[in-house]
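We name chains A, B, ... by the order of the sequence lines, and we start the count at 1 in each one.
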2 protein chains.
Amino acid sequence: MAQAPGPGRQVQIAHIATQHYLKNKTRIEIANETGLSRFKVARLLDEAVSTGIVRIDIQSPSGVRLDLSVQLAERFKLDHSVVVDVPSDDEQVLQARLGSTVGDLLSEILTDDDVLGLTSGRTLSAMARSLTTLPKCGVVQLAGVAGPIQETGLEIMRRVSSLAGVRPWTIYSPLVISDAQAALGVRRQPDTAQTFDQFPRVTVAVGAVGSWQPENSQMMKNRALSEEDRTKLLERGVVAEFGATLIADSGEVIHDIDDRCIAISEEGWRAIPAVIAAAGGPSKTRAIRALLASGLIQGLVTDSATAERLLGG
Amino acid sequence: MAQAPGPGRQVQIAHIATQHYLKNKTRIEIANETGLSRFKVARLLDEAVSTGIVRIDIQSPSGVRLDLSVQLAERFKLDHSVVVDVPSDDEQVLQARLGSTVGDLLSEILTDDDVLGLTSGRTLSAMARSLTTLPKCGVVQLAGVAGPIQETGLEIMRRVSSLAGVRPWTIYSPLVISDAQAALGVRRQPDTAQTFDQFPRVTVAVGAVGSWQPENSQMMKNRALSEEDRTKLLERGVVAEFGATLIADSGEVIHDIDDRCIAISEEGWRAIPAVIAAAGGPSKTRAIRALLASGLIQGLVTDSATAERLLGG
DNA sequence: GTCCATTTTGCTCATATGAGCAGAGGGTAT
DNA sequence: ATACCCTCTGCTCATATGAGCAAAATGGAC
């Protein structure tokens with residue numbers, strides 16, 4: 001007689017469920033109080049959940065979308081996943097929110113023993129502005145400045161290392177150089193060489209994501225990249241950049257201009273135990289998906305609309 | 001360091017809570033998968049609930065307000081309590097809904113061994129109309145017909161006993177008689193006397209509630225009650241009637257016209273193991289409260305607005 | 001670097017719980 | 001009334017869990 005329970009039974013179930021789930025009584029205590037066996041109480045509690053009388057939800061009291069965060073972490077095998085609601089479509093608001101969230105995450109994760117690696121970008125600028133405290137960890141710049149405005153990237157390094165109370169390892173160079181020969185010259189400069197020497201020591205890294213298709217990337221705007229360069233790379237299937245690492249939809253890394261870039265290499269990324277990307281918005285979803293497919297990252301901080309797109313298909 | 005958890009810890013808590021509460025993994029299984037101790041997992045699960053990340057609610061998937069039902073039962077020490085949402089203020093809609101609900105409750109409770117006692121009233125008419133099946137229990141009319149329309153009360157008895165497949169014990173009499181002497185005569189009639197003889201056998205009773213203050217009562221309209229009668233009884237503090245049993249706010253039963261009434265007595269009610277009242281609406285709330293205070297009933301079927309008024313103070 | 005206070009952690013052992021099963025109970029057909 | 005099938009119930013025993021406590025860890029003051 002698997003029919004729906006009548007009102008009396010429903011109230012009985014609700015009473016027992018209230019005692020257990022809301023008042024933390026054991027099944028044996030409830031059995032003693034109601035005259036039922038503990039087996040019967042257990043079955044009624046199971047029924048309370050299966051009929052929807054008891055509903056257990058993972059809520060998000062603090063604005064972090066915990067449900068989506070857990071789903072992303074499981075789907076993409078991430079060690080760190082934080083999804084936040086961002087009520088505005090404005091890209092600056094989004095970057096500010098993602099920046100402050102990844103800053104909060106770093107404050108939790110980092111210890112004095114860590115070495116923090118950073119790329120550049122507006123999301124990381126927002127992160128640097130929102131941070132208020134860091135442990136005394138190392139701070140290493142992982143890539144030259146992607147965009148036309150050098151000062152922004154250097155401001156990130158200045159601010160973060162100041163909070164950590166350490167001297168930063170910086171790169172006074174653009175991200176992309178006109179030719180491989182000149183890039184060799186840049187890498188030979190003592191300051192840059194010393195920073196590159198720090199790359200293997202990095203234990204936690206945070207990077208922004210550039211999108212090539214659709215175009216939303218500081219690197220693409222870099223004048224050392226000719227129109228021919230861009231066309232060729234798009235034809236090769238580039239859809240994302242992480243530092244200067246170029247990635248196709250499949251996750252394949254495309255190495256065509258590695259020798260012209262002043263940034264950590266693919267192998268360098270893969271040697272870092274905890275790599276976290278901070279990015280979101282409709283124009284970056286494809287790029288984020290490609291980055292996830294590359295296996296380069298162990299963490300992602302994004303917004304809920306992007307998370308839903310990533311999870312949906 | 002009792003500060004709010006950061007985003008990373010919140011997601012960790014949400015992950016663990018998801019595994020336990022939604023995927024039914026034990027604390028030991030989760031400990032093995034995450035590398036944490038089972039004690040730590042237990043503490044994180046406690047924190048999930050205390051911070052509101054996990055929320056456990058008693059829902060009402062079927063229209064029975066289980067939360068209010070449980071609260072009423074606990075507050076007023078009721079064995080049976082069913083509260084339903086009634087979206088309309090119309091009294092007929094309310095009575096129909098309460099009638100069908102108490103019918104459902106009876107279908108659950110009654111067995112062949114029971115003897116069902118019934119008063120009259122529109123709520124019980126609705127109950128009789130909505131019932132589709134009953135066990136082969138006895139059916140006893142507990143009170144003469146309160147209102148001016150005799151046929152309605154008899155229709156309840158006819159229909160209910162037909163569903164039970166038994167011959168009903170009826171009372172062909174009004175509820176109130178002009179004087180005690182005449183009432184003695186009515187009780188001496190063989191059919192009525194035999195029905196009264198069944199009263200001690202009743203195991204489950206359902207009654208509607210009449211309100212005297214504010215006035216919403218079929219009994220008050222009974223022409224055997226003079227204006228002087230009514231005035232005197234109101235002065236004595238009557239606010240409710242149950243069958244013909246008159247009750248004051250305090251729950252005290254007022255016996256002034258017992259000898260003129262053709263109905264089960266207070267002692268008769270108190271001898272029945274399961275007495276259920278079915279009533280609701282703003283005009284009956286005070287009466288229901290008085291009835292609850294009397295200790296005459298072990299069950300109540302009402303609407304959610306009335307339940308909230310009863311619970312509110 | 002040391003000391004102290006507070007918080008966090010892992011433990012023992014008694015109690016709570018669940019999975020699978022055998023027996024009891026209920027309903028329907030004959 | 002009896003037989004049969006399905007559902008429900010209470011059981012055993014291995015496993016899960018919690019309360020209270022001692023030890024370890026952490027952070028701040030000096």
Taking the side chain as every heavy atom from C-beta outward, state whether L131(A) and S107(A) have any atom pair closer than 4.5 Å. yes

Does some side-chain heavy atom of H20(B) sit less than 4.5 Å from a side-chain heavy atom of E29(B)? no

Evaluation steps, salt bridge (charged side-chain N to carboxylate O under 4.0 Å, His left out), between D85(A) and R65(A): CA-CA 7 Å; D85(A) 279 324; R65(A) 284 294 303 269; 3.5 Å; yes

Using whole Å, report how far [atom1] of [X] lies from [atom2] of [N].
| X | N | atom1 | atom2 | value |
| --- | --- | --- | --- | --- |
| L36(B) | dT8(C) | CG | P | 15 Å |
| R27(A) | dA19(C) | CZ | P | 10 Å |
| E29(A) | dA19(D) | CD | C1' | 13 Å |
| N24(B) | dG18(C) | CG | C1' | 12 Å |
| K40(A) | dC8(D) | NZ | C1' | 7 Å |
| D113(A) | dT26(D) | CG | P | 11 Å |
| K25(A) | dT17(C) | NZ | C1' | 19 Å |
| L45(A) | dA16(C) | CG | P | 15 Å |

Indicate yes or no: does E155(A) engage R129(A) in a salt bridge with an N to O separation below 4.0 Å.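 No, E155(A) and R129(A) are not salt-bridged.
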
Toward the 5' end of DNA chain C, by each residue's nearest nucleotide, F39(A) or F39(B):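 That would be F39(B).
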
Give the nucleotide from the list [options] with an atom nearest to the side chain of [X].
| X | options | result |
| --- | --- | --- |
| R43(B) | dG10(D), dT17(C), dT9(C) | dT9(C) |
| A42(A) | dT12(C), dG10(D), dG18(C) | dG18(C) |
| S37(B) | dT17(D), dG10(C), dT12(D) | dG10(C) |
| I28(B) | dG10(C), dG10(D), dT17(D) | dT17(D) |
| T26(A) | dT12(D), dG10(C), dT17(C) | dT17(C) |

Checking only heavy atoms, does the side chain of R38(B) share a donor-acceptor pair with the base of dG18(D) at less than 3.5 Å? yes

Which residue in the set K23(A), R38(A), K25(A) passes salt bridge (Lys or Arg N to Asp or Glu O under 4.0 Å) when paired with E33(A)?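 Going through the options one by one, the only one that passes is K25(A).
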
